[in-house]
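Working notes for the structure below.
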Amino acid sequence: MGANVAAFGLLYDAVDSIRSFVDVFIYVYILVIFVYILTSWIPLPYSPWLNRIQRFLYDVCEPYLRLFRRILPSLGPLDLSPIVGVAFLYVLLYVIDSVLNRVH
């Protein structure tokens, strides 16, 4: 009896750890997308450090946003892929949380 309780306790702890990891990962990625958008709008002075930061943001965000740029129609200078990408991340977060709630 005590082993079953301990096993369920470990399962609940693992589910909570997975949920918190996924939540933090998605929220940080959304924050990185927002910083990428802001740095693409604001012209920054040339600096090797700023250039590295912009390159990192480009390398992290661009592959994900490119998925949505393929699907969305072109609206001239207006790029809707970050909006759709962030909305998709929120939907994904909701789905993962509801699946983990069923396990929990």
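No hydrogens, no waters, no symmetry mates; every other heavy atom, side chains included, goes into these values.
- For S47, the side-chain contact (heavy atoms from CB on, under 4.5 Å) partners are W49, L50, not counting sequence neighbours.
- Applying the ring pair (Phe, Tyr, Trp, His ring centres under 6.0 Å) test to residues at least two apart or on different chains, the pairs with a partner in residues 63-98 are Y29-Y64, Y64-F68, F68-F88.
- Q54 and T39 get closest at one heavy-atom pair: NE2-O, 3.5 Å.
- Residues passing the salt bridge (Lys or Arg N to Asp or Glu O under 4.0 Å) test with D23, sequence neighbours excluded: none.
- When hydrophobic clusters are built by joining Ile, Leu, Val, Met, Phe, Trp and Tyr residues whose side-chain heavy atoms come closer than 4.5 Å, directly or via intermediates, V28 is grouped together with F56.
- Checked against side-chain contact (heavy atoms from CB on, under 4.5 Å), R66 has the following partners two or more places apart in sequence or in another chain: Y58, E62, R70.
- Take D97 and apply the side chain to side chain donor-acceptor pair (under 3.5 Å) test, not counting sequence neighbours, and it matches no residue.
- No continuous path of ILVMFWY side-chain contacts below 4.5 Å connects Y46 to L57, so the two sit in separate hydrophobic clusters.
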I would like to know whether I37 and I33 meet side-chain contact (heavy atoms from CB on, under 4.5 Å); could you show each step before the answer?
CA-CA 6 Å; I37 293 167; I33 290 173; 3.9 Å; yes
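- If you take CD1 on I96 and CZ on F21, they are separated by 10.5 Å, rounding to the nearest 0.5 Å.
- Here the side chains of L65 and Y36 are in contact, with some heavy-atom distance below 4.5 Å.
- With sequence neighbours excluded, the residues forming a side-chain contact (heavy atoms from CB on, under 4.5 Å) with I26 are V22, I30, L89, L92, L93, listed by chain and number.
- Listed by first and then second residue, the salt bridge (charged side-chain N to carboxylate O under 4.0 Å, His left out) pairs that reach into residues 30-56 are R55-D59, sequence neighbours excluded.
- Remark: L78 engages L75, L80 in a side-chain contact (heavy atoms from CB on, under 4.5 Å) (not counting sequence neighbours).
- Smallest separation of non-hydrogen atoms from L100 and R19: C-NH2, 3.4 Å.
- Listed by first then second residue, pairs satisfying salt bridge (charged side-chain N to carboxylate O under 4.0 Å, His left out) with a partner in residues 78-95 read R69-D79, not counting sequence neighbours.
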